[in-house]
2 protein chains.
Amino acid sequence: MRLSTRGRYGLRAMLDIAIDQSDEPVTLASISERQGVSIGYLEQLMVPLKKEGLIRSVRGAQGGYLLSRVPENITVGDIIRTLEGPIAPVACVSEDYPEECDRAEGCVTRLVWAKVRDSIAEVLDSLTLHDLIEETRKSSDR
Amino acid sequence: MRLSTRGRYGLRAMLDIAIDQSDEPVTLASISERQGVSIGYLEQLMVPLKKEGLIRSVRGAQGGYLLSRVPENITVGDIIRTLEGPIAPVACVSEDYPEECDRAEGCVTRLVWAKVRDSIAEVLDSLTLHDLIEETRKSSDR
DNA sequence: CAATATCCTAGCAAATTGGTAGGATTTATA
DNA sequence: TATAAATCCTACCAATTTGCTAGGATATTG
């Protein structure tokens, strides 16, 4: 039941971009330095995030990445689903296209996994990047 | 964010044993037939479940497996933790021995994963084998 | 003693994970 | 108009995890 580094690093990267207030693009080099993740790996994470429309990029010198929406309108769930796929502790209760299964009817354990899926989704969807920025400020004024 | 087959098959196997009312040991051969999981693989799952004290075994002819406790006292969480390890969407918020991390203090994303962990645990710990037996009966009287 | 079970050790192919390498392309600025 | 700074793109790959199977040893019943 582990999240892969894609989701973890991806969320850190998105928060890193969100925290920057300058309105100037944030480079992967700077994210890499702050977050301790290689530029090459970050590049891979940016591809789906951009395709999904959560960020936009500026190419060339002084380029980098910017959020496409205000932090209030980007949830952790948006980011995690983009990088890890639909939430699905097991394939037969996937949010998107649940996998067919012979024993589906009368499969009681399926109900368990559906509850797990929903409880995870509830947490991820209730948190926005804005919330995490706030939390960051709180923990830094000490 | 997937559960492995160990947890899935293991829960099915445990429920299968729980549903048997005969007080006689349930063989892996019969579980295998009903659940569509090989005997060899089931054997592997029984080892930790037995070590954890959730089931006991009877060797030899007419042998098999029995629950060590009444279904009311075995939660889904007990089974999943036994087969999959402590609940931990990421290592730094593992229920058991959270992995150290340089950026632990001030790491806001950690709070997210802790919430996810707790919400998963809440679901798994609130469901017992008894609940699932009840659910099975309900879905079969139609 | 034969049949039926669990127990135990090993091994292994396929998939997934977590990256790296190397270059092509775009753009700001000196 | 070069040059440097960036993103973009394709490929590859080693290590780990997953999901098993094989083959036998041991225990128990009838």
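Numbers restart at 1 for each chain; the letters A, B, ... are given by sequence-line order, proteins then strands.
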Close N or O pairs between protein and nucleotides 26-29 of chain D (under 3.5 Å):
from: D/dT26; atom 1: O2; to: B/R59; atom 2: NH2; distance (Å): 2.9
from: D/dT28; atom 1: O2; to: B/A61; atom 2: N; distance (Å): 3.3

Close N or O pairs between protein and nucleotides 10-15 of chain C (under 3.5 Å):
none

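You'll find that the side chain of B/T5 is closest to D/dC20, out of D/dC8, C/dT6, D/dC20. Distance from the side chain of B/K50 is smallest to C/dC7 among D/dC20, C/dC7, C/dT6. Considering only the side chain of B/S57, C/dC7 comes nearest among C/dC7, C/dG22, D/dT21.
Separating the CG atom of B/L66 from the P atom of C/dT6 is a distance of 11 Å, rounded to the nearest angstrom. Distance, A/E24 CD to D/dA5 C1': 15 Å, rounded to whole Å. The CG atom of B/L28 sits 4 Å away from the P atom of C/dT6 (whole-angstrom rounding). Protein atom CE of A/M46 is 15 Å distant from nucleotide atom P of D/dA6, rounded to whole Å. Protein atom OH of B/Y41 is 18 Å distant from nucleotide atom C1' of C/dC7, rounded to whole Å. In this structure, A/L45 places its CG atom 11 Å from C1' of C/dG19, rounding to the nearest Å. Between the P atom of C/dC7 and the CG atom of B/L42 lies a distance of 13 Å, rounded to the nearest Å. In this structure, CD of A/E43 is placed 14 Å from C1' of C/dT26, rounded to the nearest angstrom.
In this structure, B/R81 pairs ionically with B/D125, as a charged nitrogen and a carboxylate oxygen lie closer than 4.0 Å.
Neither OP1 nor OP2 of D/dT18 sits under 4.0 Å from any side-chain N or O of B/Y9. Applying the 4.0 Å criterion to OP1 and OP2 of D/dC8, one finds that A/Y65 has a side-chain N or O inside that range.
Within residues 29-40 of chain B, the residues that place at least one heavy atom under 4.0 Å from DNA chain D are, in residue-number order, B/S38, B/G40. Of the residues in residues 82-98 of chain A, not one places a heavy atom less than 4.0 Å from an atom of DNA chain C.
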Residues B/L124, A/V112; criterion side-chain contact (heavy atoms from CB on, under 4.5 Å); working and verdict: CA-CA 8 Å; B/L124 299 184; A/V112 177; 4.2 Å; yes
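With sequence neighbours left out, the side-chain contact (heavy atoms from CB on, under 4.5 Å) criterion links B/S4 to B/R6, B/E84. Considering only residues two or more places apart in sequence or on other chains, A/Y9 meets the side-chain hydrogen bond (donor to acceptor under 3.5 Å, both in side chains) condition with none of them. Partners of A/E72 according to the side-chain contact (heavy atoms from CB on, under 4.5 Å) rule, which considers only residues two or more places apart in sequence or in another chain, are A/V70, A/H130. Taking the side-chain hydrogen bond (donor to acceptor under 3.5 Å, both in side chains) definition, one finds that B/D131 meets it with B/T128, sequence neighbours left out. Here A/A91 pairs with A/E99, B/R2 under the side-chain contact (heavy atoms from CB on, under 4.5 Å) rule; sequence neighbours left out.
Side-chain contact between B/E122 and A/S119: absent, with no pair of heavy atoms (C-beta onward) separated by less than 4.5 Å. Proximity of A/L83 to A/L11: side-chain heavy atoms (C-beta onward) are nowhere separated by under 4.5 Å.
Applying the salt bridge (Lys or Arg N to Asp or Glu O under 4.0 Å) definition to pairs two or more places apart or across chains, those involving residues 14-42 of chain B are B/D16-B/R34.
Nearest approach of A/Y65 to A/S57, heavy atoms of both residues: CE2-CB, 3.5 Å.
When hydrophobic residues (I, L, V, M, F, W, Y) are linked wherever their side-chain heavy atoms come within less than 4.5 Å, the members clustered with B/L66 are B/V58.
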Only distances under 3.5 Å count here; give the side-chain donor-acceptor pairs of residues 37-49 of chain B to other protein atoms, sequence neighbours excluded, each with its distance to 0.1 Å.
from: B/S38; atom 1: OG; to: B/Y41; atom 2: N; distance (Å): 3.1
from: B/Y41; atom 1: OH; to: B/T5; atom 2: OG1; distance (Å): 2.8

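No donor-acceptor pair closer than 3.5 Å links the side chain of A/R8 to the backbone N or O of B/V90.
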